[in-house]
2 protein chains.
Amino acid sequence: MEIYKGEKKRLYLEEHSIAHLFSFSIDEYTEIREYKRDEWIIQEGMRPDFLFYMIEGKAKIYVTHQNGKVSLINFINAKEFIGEMELLNEIYYTKGIQATTKTICFALPFNRYREKLLEDTKFLRELTRFLSVKATTIAAKYSQSLAFPLENRLADFILQTADEGIYKEKHVTVCDYLGVSYRHLLHVLTQFCEKSYLQKEGRNYHIKQYESLSELAKVMNNK
Amino acid sequence: MEIYKGEKKRLYLEEHSIAHLFSFSIDEYTEIREYKRDEWIIQEGMRPDFLFYMIEGKAKIYVTHQNGKVSLINFINAKEFIGEMELLNEIYYTKGIQATTKTICFALPFNRYREKLLEDTKFLRELTRFLSVKATTIAAKYSQSLAFPLENRLADFILQTADEGIYKEKHVTVCDYLGVSYRHLLHVLTQFCEKSYLQKEGRNYHIKQYESLSELAKVMNNK
DNA sequence: TAAATAATATGAGAAATCTCCTATTTTTGA
DNA sequence: TCAAAAATAGGAGATTTCTCATATTATTTA
């Protein structure tokens, strides 16, 4: 992890200002941090001392269960908060946050800003909206995970993450995210290939029948 | 549904004031509503025009999937908001809210209060805390549901809902809540009885081995 | 660059969970 | 108060998903 200092910090603050999120200046004590791919921004179980706001990059929220299983609860993208749970709640089991790509975020020290933040309407409104989306997203995933087999959830995930008709997520990550075993994921992917929804090309999968996958995904979503 | 008027309203506002949640008075346009057991406070898919705050009673959040399965996403208790998602988000699929018991709540009309609420620090701080708990709760349920079989989740649920050593939730409700089939729920309950964790007494189940159930529940919770 | 580590791949059998069916008992509403 | 609807109960067989074992192929790192 690298912390931007001096001129580099000044420039970054200028070019990626988040002043619109607050009604007071957070420049002085805020750090600008760069994390490498796979680095842990927050370690599971270790309360952070900062509220983070992600500017560039992607990260993942992980929790490890006592039976050894790991859940990838959600992805975090640019313009999202990290550590807001710890800002708000004294008691909270801190999840692990891992950078998926090179990541740059602002880090606001709790000790300097907590009180001010919790009194700042502008910030609270932002946070409220962020949390409502977060809660809604997880609730949707939760109820879908209980109501539909992997076939449907995977179809949805493939469509959401494919790039130019190519699906190439790591199986290992997808297992944690969809909460199924590696073995079973492979099994359903093979089925998709047998039905010609997908065609395997090396490590990637080429989407051959958008419609079929779309049908599977569609039945999950109330709109 | 009954709306309290006149003296009844005045008295109720006085005795169950929620003035501490706002920095302005909400008495004038706020309705006090009483819903009967099993009545729908909000119907699925129908955007409400009010922000509700529950004073007395219990309710359930339901969503119906296109495959006919129903998920009971969560319970709502006193001192919780309902309709806050619709207050904050233009686009949101409204879940159904059903009263489990006689329920009394305050109903703040959006058209009168939306702007004021979204600028009110006091309210936003309350809402923020509420949402953070809500998101955390669902995230926990979500990851647990993927990582543990019904045996563990049911043990936890029994301990949480049992009253004086007696578990007597409706199977139908529990299925929706834990996201399993009726048949399977019965099967695991029977197992608990065979292992003497529970003893069936008519429609109720008497907890015979707290410890065993506790063991099953414990492994789910990171603390 | 070799050795260690992570990711992919697949078989086989078992466990968890589901669907469908049928019956009985309770609760509810006209 | 009685018929209809809801809830409980359990059998049987099918699906979904898991665990474990074992190989092969990247990828990482000392």
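The sequence lines fix the lettering, A, B, ..., with proteins before strands; numbering per chain opens at 1. Because the structure is a prediction, the values reported are computed rather than measured.
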Assert: residue with more 5' nearest nucleotide on DNA chain D, out of B:Gly202 and A:Gln191, is B:Gly202
CG of A:Leu178 versus P of D:dT16: gap in Å, rounded? 16 Å
Would you kindly give the CG-to-C1' distance between B:Asp38 and D:dA6, to the nearest whole Å? 11 Å
Per the salt bridge (charged side-chain N to carboxylate O under 4.0 Å, His left out) rule, what does the pair list look like for residues 46-56 of chain A, sequence neighbours excluded? none
Which pairs pass side-chain hydrogen bond (donor to acceptor under 3.5 Å, both in side chains) with one or both residues in residues 127-139 of chain B, sequence neighbours excluded? A:Asn89-B:Ser132, A:Thr128-B:Thr128, B:Glu84-B:Lys134
Please find the pair of heavy atoms, one from A:Gly83 and one from A:Leu51, that lie closest to each other, and give the distance. C-CD1, 3.9 Å
Sequence neighbours excluded, which residues qualify as side chain to side chain donor-acceptor pair (under 3.5 Å) partners of A:Lys141? B:Tyr142
Can you see if the side chain of B:Lys200 gets near the phosphate of D:dT8 - specifically, an N or O under 4.0 Å from OP1 or OP2? no
Describe, as an angle rounded to 10 degrees, how the axis at the first end of the helix from C:dT1-D:dA30 to C:dA30-D:dT1 is tilted relative to the axis at the last end, five pairs per end. 60°
For residues 202-216 of chain B, please give each side-chain donor-acceptor pair under 3.5 Å, one per line with the distance, not counting sequence neighbours.
unit_1: B:His206; atom_1: ND1; unit_2: B:Glu201; atom_2: OE2; d: 3.3
unit_1: B:Gln209; atom_1: NE2; unit_2: B:Ser212; atom_2: OG; d: 2.6
unit_1: B:Glu215; atom_1: OE2; unit_2: B:Lys218; atom_2: NZ; d: 3.2

Taking side chain to side chain donor-acceptor pair (under 3.5 Å) as the definition, give me every residue that meets it alongside A:Glu39, ordered by chain and number, with sequence neighbours left out. none
For the pair made of CG in A:Asn152 and C1' in D:dT16, what is the distance, rounded to whole Å? 12 Å
DNA chain D contacts among residues 157-177 of chain B, heavy-atom distance under 4.0 Å: B:Lys170, B:His171, B:Val172
For B:Gln98 and D:dA6, give me the distance from atom CD to atom P, rounded to whole Å. 12 Å
I'd like to check the side chain to side chain donor-acceptor pair (under 3.5 Å) partners of B:Arg33; sequence neighbours left out, ordered by chain and number. B:Glu31, B:Tyr35
Check the distance between C:dG29's P and B:Lys36's NZ and give it to me in whole angstrom. 11 Å
Can you pull every protein N or O that's under 3.5 Å from an N or O on nucleotides 17-25 of chain D?
unit_1: D:dT17; atom_1: OP1; unit_2: A:Leu150; atom_2: N; d: 3.3
unit_1: D:dT17; atom_1: OP2; unit_2: A:Leu150; atom_2: N; d: 3.1
unit_1: D:dT17; atom_1: OP2; unit_2: A:His184; atom_2: NE2; d: 2.8
unit_1: D:dT17; atom_1: O5'; unit_2: A:His184; atom_2: NE2; d: 3.3
unit_1: D:dC18; atom_1: OP2; unit_2: A:Ser181; atom_2: N; d: 2.7
unit_1: D:dC18; atom_1: OP2; unit_2: A:Ser181; atom_2: OG; d: 3.0

Restricting to side chain to side chain contact (heavy atoms under 4.5 Å, CB included), what partner residues turn up for B:Lys102, sequence neighbours left out? B:Glu34, B:Ile104
Geometric class of the B:Phe81/B:Phe130 ring pair [parallel <30°, tilted 30-60°, perpendicular >60°]: perpendicular
Output side-chain donor-acceptor pairs under 3.5 Å for residues 160-188 of chain B, partner residues at least two apart or in another chain, one line each.
unit_1: B:Gln160; atom_1: NE2; unit_2: B:Asp156; atom_2: OD2; d: 3.0
unit_1: B:Thr161; atom_1: OG1; unit_2: B:Phe157; atom_2: O; d: 2.8
unit_1: B:Ser181; atom_1: OG; unit_2: B:His184; atom_2: N; d: 3.2

Contacts of B:Gln66 meeting side chain to side chain donor-acceptor pair (under 3.5 Å) (sequence neighbours excluded), chain-then-number -> none
Rounded to whole angstroms, how far apart are CG on B:Asn204 and P on C:dT26? 13 Å
